Amino acid sequence: MLASPPMVYDHQAIERRWQEYWERNETFRAEVDPERPKFYVLDMFPYPSGDGLHVGHVEGYTATDIISRYKRMRGFNVLHPMGWDAFGLPAERHAMKTGVHPARVIENASGNFRRQLKRLGFSYDWRRELSTTDPGYYHWTQWIFLQLWGSYYDRQAQRARPIAQLPIPPEVTAAGPAAIARYRDDRRLAYLDDAPVNWCPALRVVLANEEVAEKVEDGYEVVRRPMRQWVLRITEYAERLLADLEGLDWPPHVLEIQRNWVGRSEGAEIDFAVDGHAGALTVFTTRPDTLYGATYMVLAPEHPLVAEITTAAQQAEVRAYVDRTARRSERERQAESIEGKKTGAFTGAHAIHPLSGAKIPIWIADYVLLGYGTGAIMAVPGHDERDHAFARAMALPIVQVVAPADGAAVDIAAAAFVGEGVAVNSPVIDGQSTAAAKRTMIDHLVAHGRGRARVTYKLRDWLFSRQRYWGEPFPLAYTPAGEAVPVPEDQLPVLLPEVADYDPSEDGEPPLSRATAWKQLPDGSVRETNTMPQWAGSCWYYLRFCDPGNGTLPWSKQAESYWMPVDLYVGGVEHAATHLLYSRFWHKVLFDLGHVSEPEPFRRLVNQGMILGATFLPLDRRKDDSGKKLVFLPAQVEERDDPDRPGSKRWVVRETGEPVEIQWDKMSKSRGNVVNPDEVVASYGADSVRLYEMFMGPLEHSAPWQTEGLAGVHRFLGRVWKLFFPADDGSAEAKTPRALAAGEGTPRQRRLLHRTIADVTDRTERLSFNTAISALMVFVRDIVAAGDPAADPEAMLPRGAATQFCLLLAPYAPHLAEELWSVLGHAASLAHEPWPAADEAWLVDDTFTLVVQVDGKWRAEIAAPKSASKDELVALARGVEDVAKRLVGVEPRRVVVVPGRLVNFVL
RNA sequence: GCCCGGGUGGUGGAACGGUAGACACGGGGGACUUAAAAUCCCCUGCGCGAGCGUGCGGGUUCGAGUCCCGCCCCGGGCACCA
């Protein structure tokens, strides 16, 4: 239970007063102002869940709020908005359970979030609040979808263009309008595809590749099944999504995830003739230098050539294998095969080796994936582990074509040699290093028309439709002939209709398909009944924040070019492969089409760490009756003296006295270890919560939530208060503030003040909030000396120092800072006051602490004048008794003098 | 397996190549109080000590937590992607 700490000052009243003041005065209202430099600080906007905020959310929001407030005081025009990513499954599932419309669910939840955020004093411009579920918002989500649908990728120019500019080949034109339409549809950035998708039967929804891992981790089954779905051609942007990471100030970790996800690899395409058939079988390989080692070919079982080339004798076997593969889940397929258990079937057909002319058998096997490269490989068992395993299983020949550069012998029959080395048994490239051999081989293939250099990517196109209710409707309908036709822009938005039942059918028929009146259009066409995934709304919300009220455009050119890009974006790392990739993709499409002015949306990205919550485990880790691990929640335990170790405490279960061990985990409702900010704000105050979350450690680090730490910063704020009201004992007369000395105080006080200004400024810039707070603590500890103010000016608080301290404190503890600012006699908020400037003259002392070392070991420290020459410093150092003693009878080989730092005698 | 981070007191964490451990929590002692709470002050890396100390072993340097090489461990990402 949260015990209320003693109250040094009335934080509740102060917080209420200033939150009302800010709201009434629209203190944080942001408007485009070309005269002033802008700064755009963005939080990853939350999904407004019914559980409300927990203290984990608050960490990132506090960081962005500190920067927002700081930048305002530095003269920047700051855009700092907040909104709701409110489409998605949880609201819909809640609706299914309770019958409450998802829109109501979201309205309640976002109202609660808004209240909680305001209570923490965050300086959002609430006039810009938006929800992705608002028709005025998803109007433009639909509009962007139509931009994608209405564009193709010009590979020559490496950019998207309107589909009307797509050159139509004469033979297509000759074939008539239907052929032209099909030609265009095949090239649009949004297209319909029948390919197998990731279907989650329990959730009754398809998943994007990026989402599969997470759902599987959550225990859901995901199977592949063919469905006709909208897909976005993100793969066209693979190279740019990769290359443009270069200029971004993002955490290395996130850059790595994105690079991995795009998965670029360089290699070659090689054409193999198929014996007895026209046309070629093209493979992709990253090791064209091993071409002479290809002893067989493998096609993915789904490869279109399989049916064509399989011989009569092999038909039955091949068909059985293809069926078997289709029925097994991706996971089943992979699990066995990765262990080295390779399966496959021989097609009976043979390929002609493009260099040796040898006939090599063509197999099918599920270790080759249709979706990557060309869906076919040349198998080089000598130098690829997977091919090696397969060759051994099927008794296929293994030959060596690469040898280790150091001449070591390798047993190619026992294991593949996958390293680089020197080409052997390869007439065209014998003796060449792997790198050179790759180049030579590609040149050779090009010269003979048998291949070409090629880059492939792991990134797949983005599956974009969902069989759910609570999402954006697609702005498209199908004519009776089955042609997809866009809803005219002037008829947007396509509103989400009311339905009786939110559940899709078992086979994936979306709930909107039962909204018959809605889906049936007067002209006989039928609306698309899938909806967009939750990512759609979050792909561009940062753009809408620039101009949220615009009723005629998604954003004005003026607002976009002024505010964008986002200067600082703070959020969780869990969006590294999804949201951040998707929105970069959309942004680039919008850039190509001239709707935005820069190719990347987020200049700087920071991932805040997790705040961990406590649960308690019995020492024997026993399970409860239902077989689950037994855990105790913070409310069930308390700290008591440990009888085994006097003087220290341990955690015990309150009722039984059983000792338990503390365990820190990510906060989650199901674990029961969530800390609600409302509770801690009520007892310690918003400023304490903000300060504590920042003081826990670097923003990127995860850290455990500990009430003792919260009490620590709470005490600090109490000391700040007592700096201004030293006698405050709650009585009325004590409410008079401390008498202030004029000016900035004694030299010592001035040095401390300007040191504090310099440190807090530098550390805030570096987002090193924990150390900035520590500088504030040092100031409060040292600014006023103990003693009699009448006799000792050091015991007075100088007005100048008090004033500037308020400003330094303001980004961190804005309520208290505003209150003290007004105590100092200011009528208006300090939110737009200029940030204090450190006076260089007070940063440099006229003396400094000179460290004297002998042989690099610390021996003494003495005060030395800053102005002293090197020789004078050495003389001073030699004068130190302990040093002189050590130098008796020895002349140092060398004397190192670092002015302002140290003297080191090297013997 | 490959690729990124990271290993500093009892704890969270500080340290432009220049006094390792700022600041805070926890712990110990004291002041105030009839008493307690709250508050304030002092001590608190290890070692009785010379000294020793930033995961381990080398190296560069007058000087290394920081730079280089080789390991170990922890966290994360990717992985049948040819």
Side-chain angles (χ1 to χ4, degrees), chain A residues 5-8 213 251-261 263-265 267 283-287 290 294 298 330 333-340 342 365-369 371-380 383-387 389-390 418 456-460 573 576-577 639 647-649 691-692 695-698 700-704 706-713 715-716 718-719 722 729 759 763 768 770-778 781 786 849-861 892-898 900-907:
Chain A
M7 201 157 58
V8 176
H253 179 234
V254 177
L255 295 175
E256 193 212 354
I257 292 174
Q258 295 235 336
R259 286 197 190 101
N260 277 337
W261 196 260
R264 185 182 200 272
S265 62
V283 301
F284 173 74
T285 177
T286 55
R287 292 295 299 272
T290 62
V298 187
E330 198 88 332
R333 278 170 65 167
Q334 291 193 7
E336 278 185 8
S337 191
I338 290 173
E339 285 167 24
K342 294 279 187 278
D366 63 6
Y367 80 93
V368 173
L369 309 174
Y372 184 75
T374 61
I377 62 159
M378 64 175 200
V380 184
H383 305 284
D384 181 283
E385 281 167 5
R386 299 151 302 181
D387 296 343
F390 189 82
V418 297
T456 61
Y457 304 90
K458 284 195 297 186
L459 184 70
R460 307 295 161 80
V573 69
E639 256 187 317
S648 60
K649 304 223 176 200
L691 221 45
Y692 172 55
F695 194 60
M696 291 170 96
E700 308 77 26
H701 284 199
S702 294
Q706 286 168 305
T707 308
E708 297 78 22
L710 183 60
V713 294
R715 271 197 290 276
F716 163 67
R719 284 195 290 270
K722 279 192 284 191
D729 55 4
D759 283 349
R763 293 166 183 185
S768 180
N770 55 330
T771 59
I773 292 166
S774 127
L776 294 169
M777 289 173 165
V778 170
R781 184 189 65 192
T849 305
L850 177 73
V851 172
V852 184
Q853 298 181 337
V854 177
D855 270 340
K857 282 215 192 311
W858 183 96
R859 290 303 170 199
E861 61 181 44
R893 278 193 295 124
R894 205 176 140 185
V895 182
V896 181
V897 183
V898 184
R901 286 277 183 192
L902 58 78
V903 172
N904 183 11
F905 296 99
V906 184
L907 304 183

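Throughout, a chain's letter reflects where its sequence line sits, starting with A, and its residues are numbered from 1. Small disclaimer: the values here were computed from a predicted structure and weren't measured.
- Contacts of A:Asp384 classified as side chain to side chain donor-acceptor pair (under 3.5 Å), with partners at least two apart in sequence or in another chain: A:Arg386.
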Dot-bracket assigned to RNA chain B with the 3.5 Å Watson-Crick/G-U criterion, [ ] for crossing and | for other-strand pairs, is (((((((..(((.....[....)))((((((.......))))))((....))..(((((..]....))))))))))))....

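- Annotation: salt bridge (Lys or Arg N to Asp or Glu O under 4.0 Å) contacts of A:Arg719 (sequence neighbours excluded): none.
- Both cation-pi conditions hold for A:Lys342 and A:Tyr367: the charged atom is under 6.0 angstrom from the six-membered ring centre and inside a 45 degree cone around its axis.
- Listed nucleotides: B:C23, B:A82, B:C25. Nearest to the side chain of A:Glu708: B:C25.
- For A:His701, no side-chain nitrogen or oxygen approaches OP1 or OP2 of B:G12 to under 4.0 Å.
- Side chain of A:Ser774, nearest nucleotide from B:A82, B:G76, B:A22: B:A22.
- Of the candidates B:G13, B:A82, B:C40, the closest approach to any side-chain atom of A:Ser265 belongs to B:A82.
- A:Arg460 is linked by a salt bridge (Lys or Arg N to Asp or Glu O under 4.0 Å) to nothing, counting only residues two or more places apart in sequence or in another chain.
- At the phosphate of B:C4, neither OP1 nor OP2 sits under 4.0 Å from any side-chain N or O atom of A:Arg259.
- In terms of the side chain to side chain donor-acceptor pair (under 3.5 Å) criterion, A:Ser774 has no residue partners (sequence neighbours excluded).
- Straight-line distance from the CZ atom of A:Arg763 to the P atom of B:G13: 17 Å, rounded to whole Å.
- Comparing atom distances between the A:Asn770 side chain and each of B:C78, B:G13, B:A82 picks out B:G13 as nearest.
- Phosphate proximity of B:A82 to A:Arg287: absent, as no side-chain N or O sits under 4.0 Å from OP1 or OP2.
- Residues forming a side chain to side chain donor-acceptor pair (under 3.5 Å) with A:Gln706 (at least two apart in sequence, or on another chain): none.
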List every contact pair, protein side and nucleotides 6-8 of chain B side both N or O, where the distance is under 3.5 Å.
none

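- Annotation: B:C71 and B:A79 have their P atoms spaced 26 Å apart (nearest Å).
- Checked against B:C4, B:U39, B:C78, the side chain of A:Lys722 finds its nearest nucleotide in B:U39.
- By the ring pair (Phe, Tyr, Trp, His ring centres under 6.0 Å) test, A:Phe716 pairs with no residue at all, sequence neighbours left out.
- In this structure A:Ala775 satisfies the side chain to side chain contact (heavy atoms under 4.5 Å, CB included) test together with A:Asp759, A:Val760, A:Arg763, sequence neighbours excluded.
- For B:G21 and B:A15, the P atoms lie 13 Å apart once the distance is rounded to whole Å.
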